[in-house]
Structure formats: structure tokens, C-alpha cells
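Residue numbering restarts at 1 for every chain, and letters A, B, ... go by the order of the sequence lines.
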Amino acid sequence: MKRVSIFFGILFLAAASFAQGYQVGDVAADFRLLNVDGKYVSMADYPDAKGFVVIFSCNHCPYVVAYEDRMIEIHNEFAPKGFPVIAINPNDPEVQPQDSYELMQVRANEKGFPFPYVFDDGQKIYPQYGATRTPHVYLLERVGGQLKVAFIGAIDDNYQDASQVSEKYLANAINALLDGKRPDPDFTRAIGCTIKVKRD
Amino acid sequence: MIKNYLIAIALLFSYLGFQGQIVAAENREIKMMSFDEFEPMLYQENDSIYIVNFWATWCAPCVREIPAFESLNEKYKDQKVKVLLVSLDFPNQLESRVIPFVERMNMKSEVLLLNDPNSNRWIPLVSEEWTGAIPATVIYSKDFRGFYEQEFHFEELEEIIKPLLN
């Protein structure tokens with residue numbers, strides 16, 4: 001009996017934690033976060049955008065590093081079409097010093113990021129979105145006056161080798177929106193680094 | 001008298017020779033598997049309790065909890081508890097990073113490298129609850145299956161294992 005209650009207890013907790021954050025169709029909150037250039041960025045600063053590619057990202061995670069060039073490509077292709085990338089670092093530098101604001105500036109400079117790379121100071125934004133790893137993509141679409149989540153997940157199906165990708169999940173999702181269609185799939189998973197937050 | 005002396009020398013040399021073999025064995029070989037090759041290890045049907053941990057050498061919280069898994073492996077190895085440490089390191093770093101790491105940490109648990117870049121396909125096959133972050137651990141036996149997308153302390157692992165031991 002105890003075993004069964006433990007099992008259900010764990011299942012409930014797992015389900016509860018999994019349910020936190022946005023699902024596809026939810027309205028996404030805006031933010032006002034500090035960019036590497038010293039200025040604050042909000043999605044409201046882009047009144048003409050059709051939507052946003054919000055990517056929870058960081059400096060140190062090898063999975064992010066493997067995707068940085070593709071993040072740049074996504075921005076260069078889709079920002080002119082109304083979908084700019086905004087990268088958000090959700091990590092606590094006290095837990096992971098490599099993800100400090102200063103090192104964000106270094107990385108953005110090194111790679112020549114064409115998109116904002118902002119710092120989730122106080123770690124208030126990522127829990128609202130429900131991001132659990134880096135990189136973690138939330139594709140938002142402007143509907144009426146609101147930003148709705150249209151796709152959650154990974155950029156494509158091969159972190160190791162861009163030339164071996166067979167499904168460009170994110171690009172396909174954005175193109176679907178541009179064609180007036182729904183992304184399919186609208187939810188994918190990928191291996192990533194946990195978000196660095198102080199443990200109780 | 002001489003016979004004993006010769007036996008002693010023979011034993012000495014075989015001891016030294018044995019040391020040589022141990023050194024060679026210490027240069028660990030870690031198997032690389034696709035998910036399809038690995039999947040049966042998540043569904044073995046016997047009396048053992050399996051602890052399958054997903055980690056990587058570059059993942060700080062993963063590395064921090066390895067001693068807990070090693071202690072568990074050591075403490076319960078005679079009680080049918082099997083620890084399997086599944087590395088998600090990049091396959092081209094198996095020789096340069098993973099093997100040196102395992103040797104340096106003197107890891108005794110079984111280690112393998114999962115090489116299957118289409119993680120969207122297999123993450124839900126490990127657990128529907130898994131969003132993809134590591135460390136993550138599956139603990140299962142004949143009557144129990146749990147999935148944990150979190151970092152573990154030794155006591156927390158023991159708390160889960162103990163009720164499953166007969």
C-alpha cells in the first residue's frame with residue numbers, strides 16, 4: 001500500500017511540476033529585461049512584429065553552443081518577416097558563474113548576435129513560461145493585442161550536426177504561422193542543461 | 001626448501017603479471033549505443049532494482065550527484081541494485097572527455113554513452129514526464145517505476161530504494 005501511495009505521490013508531483021508554465025495556446029507575458037548593450041528590452045518595443053522567437057539560452061551549456069549559429073540564422077531569416085529572436089538567460093550566476101551578465105556580453109560580442117540577449121534578473125520570467133532547460137524555445141504569435149504561444153520545444157532534430165537535420169521544427173513552425181496555418185508539431189522535446197537556480 | 005623458494009618466486013611473478021592485467025583493464029571501454037539498442041535496459045524483467053541516471057561530464061549538477069550514485073552502487077550491490085550511468089556527452093568526446101573523466105573519478109558503476117541525436121523521439125520513451133533536462137533518473141523494479149527530473153542527494157535515493165528491497 002505504501003509503495004502504491006509513493007508511486008501516486010510521485011506521479012502527482014511530476015504531473016504538477018510538468019503542468020507549470022505555458023502550454024500551446026496560452027497567453028504569454030511580456031517582460032522588461034536588460035540586454036547586453038545596456039538597454040532594456042520588451043516585446044512591446046516591437047509594435048510591428050507578428051510574433052517572437054523567445055529562446056531561453058545561456059553562455060555555458062554545450063547544447064546552446066551547438067545551436068548558436070542556427071539561432072543567428074533563424075533571426076536573420078525570420079526577423080525581416082516579422083519574427084525576431086529574443087534570447088533570455090534564465091540562470092542564476094551565483095549558481096553558475098559562467099552565466100553572468102558580463103560573460104553574456106562577451107559571448108554576444110564573440111558571436112555577433114544580431115538579436116537581443118537579455119538577463120532574467122531575479123529569475124522571474126522563466127518560471128512563468130515554464131522553461132526547464134537551455135535551449136528552450138517558445139514561439140509566440142500576436143493575436144489581437146496578445147501574444148499567444150504557438151510552439152514550444154527544440155530548434156530541430158539534430159543538435160550534433162546541422163547538416164544532418166531532417167526536421168527543422170522551429171523554422172517549419174514559423175513558416176506555418178506565416179502561411180496562416182498551425183505549427184505541426186507544436187511541441188517537441190530535446191536534451192538541454194537544467195536552469196540554474198539555488199536549491200533549497 | 002628450494003621448492004618453497006621457487007613457489008614464492010612463481011607467486012611473485014604471477015602477482016606482478018596480474019597487476020599488469022589490472023592496469024590494462026583500467027583503461028575503460030565505454031559502449032556507445034543508439035536509443036533502440038539501449039531501450040531494453042529500461043525494461044528488464046527480473047528481481048533487481050534498476051537506477052538509470054542520465055548525465056554528462058559538462059553538466060555540473062550531474063557531476064555533483066555522481067558520488068551519491070556510486071555510494072548507492074557500492075552499498076547495495078549485494079542486494080540486486082544495479083546502477084547504470086547513461087552519458088549524453090557528445091559522441092566525438094567519448095575518448096577525449098568521458099573515458100578520462102570516468103577513470104579520474106574511479107567510477108565503478110556501469111557507464112554507457114547514448115548516441116542518438118533525435119532526442120525528441122526518445123525522450124518520451126524514457127518518460128512522458130521528461131522535458132529533456134539533465135540530470136534525470138529512472139528508478140524501476142518489477143513493481144515500481146519512478147522518473148525524477150532533478151538532482152539527487154544520497155539520502156533521497158536511499159529513501160526510494162529501501163522500501164523496494166525485500
message: Show the nearest heavy-atom pair for residues A/Cys58 and A/Asn89, with the distance to one decimal.
response: CB-OD1, 3.9 Å
- prompt: Once the angle between the rings of A/Tyr46 and A/Phe52 is folded into 0 to 90°, is it parallel (under 30°), tilted (30 to 60°) or perpendicular (over 60°)?
  reply: perpendicular
task: With chain A as the partner chain, list the residues of residues 60-78 of chain B whose heavy atoms fall under 4.5 Å from it, by residue number, and write 'none' if nothing qualifies.
output: B/Pro61
statement: From the list A/Tyr129, A/Phe187, A/Phe56, ring pair (Phe, Tyr, Trp, His ring centres under 6.0 Å) partner of A/Tyr22 resolves to A/Tyr129
Within-4.5 Å side-chain heavy-atom neighbours: A/Ile86 and A/Met43: yes
message: Parallel, tilted or perpendicular, judged at 30° and 60°: which one describes the rings of A/Phe119 and A/Tyr101?
response: tilted
task: Look at B/Ala136, B/Pro91, B/Pro124, B/Pro135 and state which one has the largest set of heavy-atom pairs under 4.5 Å with chain A.
output: B/Pro124
message: Before we go on, tell me: are the rings of B/Phe152 and B/Tyr148 under 6.0 Å apart, centre to centre?
response: yes
- prompt: Any side-chain heavy atom of B/Tyr50 sitting closer than 4.5 Å to one from B/Tyr43?
  reply: no
query: Can you pull out the residues in residues 136-171 of chain A with any heavy atom less than 4.5 Å from chain B?
result: A/Asp157, A/Asn158, A/Tyr159, A/Gln160, A/Tyr169
field: Partner set under side-chain contact (heavy atoms from CB on, under 4.5 Å) for B/Ala56, not counting sequence neighbours
entry: B/Trp58, B/Cys59, B/Asp89, B/Ile134
field: Validation row: B/Asn106, B/Lys108 side chains within 4.5 angstrom (heavy atoms)
entry: yes
field: Inter- and intrachain pairs under salt bridge (charged side-chain N to carboxylate O under 4.0 Å, His left out), touching residues 31-40 of chain B, at least two apart
entry: B/Asp36-B/Arg121
